[in-house]
K.L.:
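The structure under discussion is supplied below as structure tokens; questions concerning it will follow.
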Amino acid sequence: MAAKPTIPQGTRDFDALTVRRRKHILQTIEQVFMKYGYMPLETPSMEYLQTLTGKYGDEGDQLLFKILNSGDYLKKLKEFQDQAAGHDELDQTYLPSMNGKVNALDSKLTLPFIAEKGLRYDLTVPFARYVVMNRNEITFPFKRYQMQPVWRADRPQKGRYREFWQCDADVIGSKSLINEAELIKMYDEAFCYLNIPVSIRINNRKLLAALATKINAPDKFIPLTVALDKLDKTGESGLIIDLEKAGFNPTQTTLVLEFLSISKSESVLTVLKSFFAEVPEGLTGVNELEEIFSYTNLLTTKNLVSIDVTLARGLTYYTGAIVEVVANAGSFKPSIGGGGRYDNLTGIFGLPDVSGVGISFGLDRIYDVMEDLNLFPINLRKKETQLLFCHFDEATRIHALSLCAKARNNNIAAEVYPDVTKKIAKQLEYADKNQIRYAVIIGSNEMESGNYVRKDLSNGTQVALSAEEIYTNI
RNA sequence: GUGGUUUUAGCUCAGUUGGUUAGAGCGCCUGAUUGUGGUUCAGGAGGUCGCCGGUUCGAGCCCGGUAUUCCACCCCA
């Protein structure tokens, strides 16, 4: 026997039950998206690396799955090396991005020559690319939803996969903060339908940028946000160590801690205003949060929506409001959704001054949480096979086929046992294993008399029925 | 990318200090029941012990490598 086949690390097969449950989640989310006026969109699983790189930070770029070029993928590299061989110093106009000769063993420098495509890392960047590509056909504000798999070359562990699905809704070309409020409401609604208790945290990147300005370290914005984001894990003492490692001085650290203490006060927004009295960007951020909150009060959510000034989120393209949803019950409480406003994403692709805002649901983690909390509805297979036709020979099988066709014409999901076998037990077992409730047993007597036996496998009772009665009263 | 962990029958897992023919439960197949599943009883099949290499008279067990599982970092849905 050949070695058993396997699937790549971090990927999974889904059996019938799992697929049904995943579809249940997808349909629930889709229903909310549609109710709020979002239109569907699908994009290819692969994009040019040029489109993908530089949008997710250095860490993100490393997690991109690259696709090897087709054909002789080393050809371009060989040609380049041949041309470079004639020059001591590489002609910068020839390949400005390359500095010096490419060593065939250097993965990073070699990559552009052997791979030009990659699997998408999220749905937001492909969406921005789509909007810029189709800017002349699109009516702004443009609202779309997208539910497709994405890929990340991450180390898998619980709730972390290399292939997983995201469900995104985005509005592009509208600066109104009503969008933010509605998207938050959509989170609330979807998780209510799914019965998952969640806490929704919001923040504004402008506050974090303003903090960096206020402590005189605008160049250290990223390390600052990374340290803040980890606060709930590291605690305040861990934060102080992290800040010190990142090169912040004690005065700066003290200001950061002061900023943190604000989040604990009753009137966060008021205190934030005085804290950022001299930083315009900070004031803008506070005002935006205030405005969003005035709308969410209007829209009333069932789950708690709170301001968390430590919320940072990794994706570098966010510039305004940011939001994160965390499961709030059970032993497994991962982040199951996140989003925010991005002012410059389309600008990178050549369409400036078009702001976008969106949210994302993590299907796979939502699934894991629902499994953990035992939240899946029991009856997810209503529309599946109700009737199995059992038979004994070629003649009764053909007869069964015509009866089955009638049942199907009447919108009853029905099957004929495909193989000819004298063993009725085997056919009933098939029905039992596949949770098919009714079995119609067709022998030569039944075929001739037109009187059929229908067995209800749920209780073992049998009734004699006419051809039409078989598929009625199910 | 760093550190740890897991892998034995279709599934879940035992397997002692390195020693004859590697076990259990469930599942599967056959029969009791030549036209009745889910219950019961009787019998049976199924394993190059993840893969490659090494040590040894001898390896499921020890050593190296590799893949994979799960976990902690990192980061994130």
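Within every chain, numbering begins at 1; the chains are lettered A, B, ... in the order of the sequence lines, protein sequences first and strands thereafter. Values below: every heavy atom of this structure, side chains too, minus hydrogens, waters and symmetry copies.
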K.L.:
Just to be sure I understand the rule, does A:Ala425 reach a base, reach only the sugar-phosphate, or reach nothing, if contact means heavy atoms closer than 4.0 Å?
P.N.:
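Sugar-phosphate, backbone atoms only, no base.
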
K.L.:
Any Lys/Arg nitrogen of A:Lys35 or A:Glu189 sitting under 4.0 Å from an Asp/Glu carboxylate oxygen of the other?
P.N.:
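Answer for the salt bridge query: yes.
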
K.L.:
Describe the nucleic acid contact of A:Glu446 in one word from base, sugar-phosphate, nothing, applying a heavy-atom distance below 4.0 Å.
P.N.:
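Since a base atom lies under 4.0 Å of A:Glu446, the category is base.
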
K.L.:
Scan A:Thr11 against the nucleic acid and name what it touches under 4.0 Å (heavy atoms): base, sugar-phosphate only, or nothing.
P.N.:
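The answer is nothing, as A:Thr11 stays clear of every strand by at least 4.0 Å.
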
K.L.:
Applying a 4.0 Å non-hydrogen cut-off, can you work out what A:Gln157 is touching in the nucleic acid: base, sugar-phosphate, or nothing?
P.N.:
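It contacts base atoms.
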
K.L.:
Have a look at A:Ser335 and say if it touches a base, only the backbone sugar-phosphate, or nothing, with a 4.0 Å heavy-atom cut-off.
P.N.:
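The answer is sugar-phosphate, as A:Ser335 gets under 4.0 Å only of primed atoms, P, OP1 or OP2.
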
K.L.:
Judged by each residue's nearest nucleotide on RNA chain B, which is more toward the 5′ side, A:Gly337 or A:Gln9?
P.N.:
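Looking at RNA chain B, the more 5' nearest nucleotide goes with A:Gln9.
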
K.L.:
Could you check which nucleotide pairs with B:rC41 in any of the strands shown, counting Watson-Crick or G-U wobble with both distances under 3.5 Å?
P.N.:
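When the pairing criteria are applied, B:rG31 turns out to be the nucleotide that pairs with B:rC41.
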
K.L.:
Identify whether any heavy atom of A:Gly339 sits under 4.0 Å from a base atom; if not, whether one sits that close to sugar-phosphate; answer base, sugar-phosphate or nothing.
P.N.:
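It contacts nothing in the nucleic acid.
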
K.L.:
For A:Lys433, report the nucleic acid contact type (base, sugar-phosphate, nothing); a contact means any heavy atom under 4.0 Å.
P.N.:
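Result for A:Lys433 = sugar-phosphate.
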
K.L.:
What is the distance, to the nearest angstrom, from the CZ atom on A:Arg155 to the C1' atom on B:rA67?
P.N.:
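It works out to 12 Å between those atoms.
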
K.L.:
Considering every strand shown, what is the Watson-Crick or G-U wobble mate of B:rU55 when both distances are under 3.5 Å?
P.N.:
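Matched B:rU55 with nothing under the 3.5 Å cut-off.
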
K.L.:
Taking any heavy-atom pair under 4.0 Å as a contact, classify A:Val150: base, sugar-phosphate, or nothing.
P.N.:
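Counting heavy atoms under 4.0 Å across all strands, no contact is made by A:Val150.
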
K.L.:
Need one value for A:Gly460: base, sugar-phosphate or nothing, where a base atom within 4.0 Å counts as base even if backbone is also close, heavy atoms only.
P.N.:
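Since a base atom lies under 4.0 Å of A:Gly460, the category is base.
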
K.L.:
Using a strict cut-off of less than 4.0 Å between a Lys/Arg side-chain nitrogen and an Asp/Glu carboxylate oxygen, indicate whether A:Lys143 and A:Asp170 qualify as a salt bridge.
P.N.:
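Salt bridge absent between A:Lys143 and A:Asp170.
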
K.L.:
Using 4.0 Å as the upper bound for N to carboxylate O, is an ion pair formed by A:Arg120 and A:Glu47?
P.N.:
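Not counted as a salt bridge, because no side-chain N and carboxylate O are separated by less than 4.0 Å.
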
K.L.:
Mind checking A:Phe392 for me? I need base, sugar-phosphate or nothing, with any heavy atom below 4.0 Å counting as a touch.
P.N.:
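Counting heavy atoms under 4.0 Å across all strands, the contact made by A:Phe392 includes a base.
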
K.L.:
Keeping the roles fixed (side chain from A:Tyr187, backbone from A:Ser360), state whether a donor-acceptor pair exists under 3.5 Å.
P.N.:
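It does hold such a pair.
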
K.L.:
Tell me: CD1 of A:Ile7 to C1' of B:rG50, nearest whole Å?
P.N.:
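Roughly 15 Å, once rounded to whole Å.
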
K.L.:
Taking the inter-plane angle between the rings of A:Phe376 and A:Tyr367 on a 0 to 90° scale, is it parallel (under 30°), tilted (30 to 60°) or perpendicular (over 60°)?
P.N.:
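If you compare the ring of A:Phe376 with that of A:Tyr367, the planes turn out tilted.
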
K.L.:
Report the distance from atom NZ of A:Lys426 to atom C1' of B:rU33, rounded to the nearest whole Å.
P.N.:
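The distance from NZ of A:Lys426 to C1' of B:rU33 comes to 16 Å, rounded to the nearest Å.
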
K.L.:
A:Gly60 near the nucleic acid: base, sugar-phosphate alone, or nothing, with a heavy-atom cut-off under 4.0 Å?
P.N.:
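Nothing, no heavy atom under 4.0 Å.
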
K.L.:
Which part of the nucleic acid, if any, lies within reach of A:Ile336 when heavy atoms closer than 4.0 Å are counted: base, sugar-phosphate only, or nothing?
P.N.:
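Contact class for A:Ile336: sugar-phosphate only.
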
K.L.:
Is there, by distance only and without an angle test, a donor paired with an acceptor across the side chain of A:Asp432 and the base of B:rG38 below 3.5 Å?
P.N.:
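No, no donor-acceptor pair under 3.5 Å.
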
K.L.:
Is the aromatic ring centre of A:Tyr430 closer than 5.5 Å to the centre of the six-membered base ring of B:rG37, with the two planes inclined by less than 30°?
P.N.:
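So no, this residue does not stack on that base, at least one cut-off failing.
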
K.L.:
Could you check which nucleotide pairs with B:rG60 in any of the strands shown, counting Watson-Crick or G-U wobble with both distances under 3.5 Å?
P.N.:
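Paired with no nucleotide.
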
K.L.:
Does A:Gln435 make a side-chain donor-acceptor contact with the base of B:rG38, cut-off 3.5 Å?
P.N.:
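Between B:rG38 and A:Gln435, which were checked side chain against base, a qualifying N/O pair under 3.5 Å is absent.
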
K.L.:
Per the atom types in the model, does the base of B:rU36 pair as donor or acceptor with the side chain of A:Lys455 at under 3.5 Å?
P.N.:
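Pair found.
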
K.L.:
Across all strands shown, which nucleotide pairs with B:rG3 by Watson-Crick or G-U wobble geometry, both distances under 3.5 Å?
P.N.:
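Paired with B:rC71.
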
K.L.:
Do A:Tyr452 and A:His399 have ring centroids that are under 6.0 Å from one another?
P.N.:
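Centroid separation for A:His399 and A:Tyr452: below 6.0 Å.
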
K.L.:
Pick base, sugar-phosphate or nothing for A:Gln62, based on heavy-atom distances below 4.0 Å to the nucleic acid.
P.N.:
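Nothing, no nucleic acid heavy atom in range.
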
K.L.:
May I ask which nucleotide in the shown strands pairs with B:rU66, Watson-Crick or G-U wobble, both distances under 3.5 Å?
P.N.:
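The answer is B:rG50, by the H-bond criterion.
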
K.L.:
Give the rounded distance in Å between these two atoms: CG of A:Asp364 and P of B:rC76.
P.N.:
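It works out to 18 Å between those atoms.
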
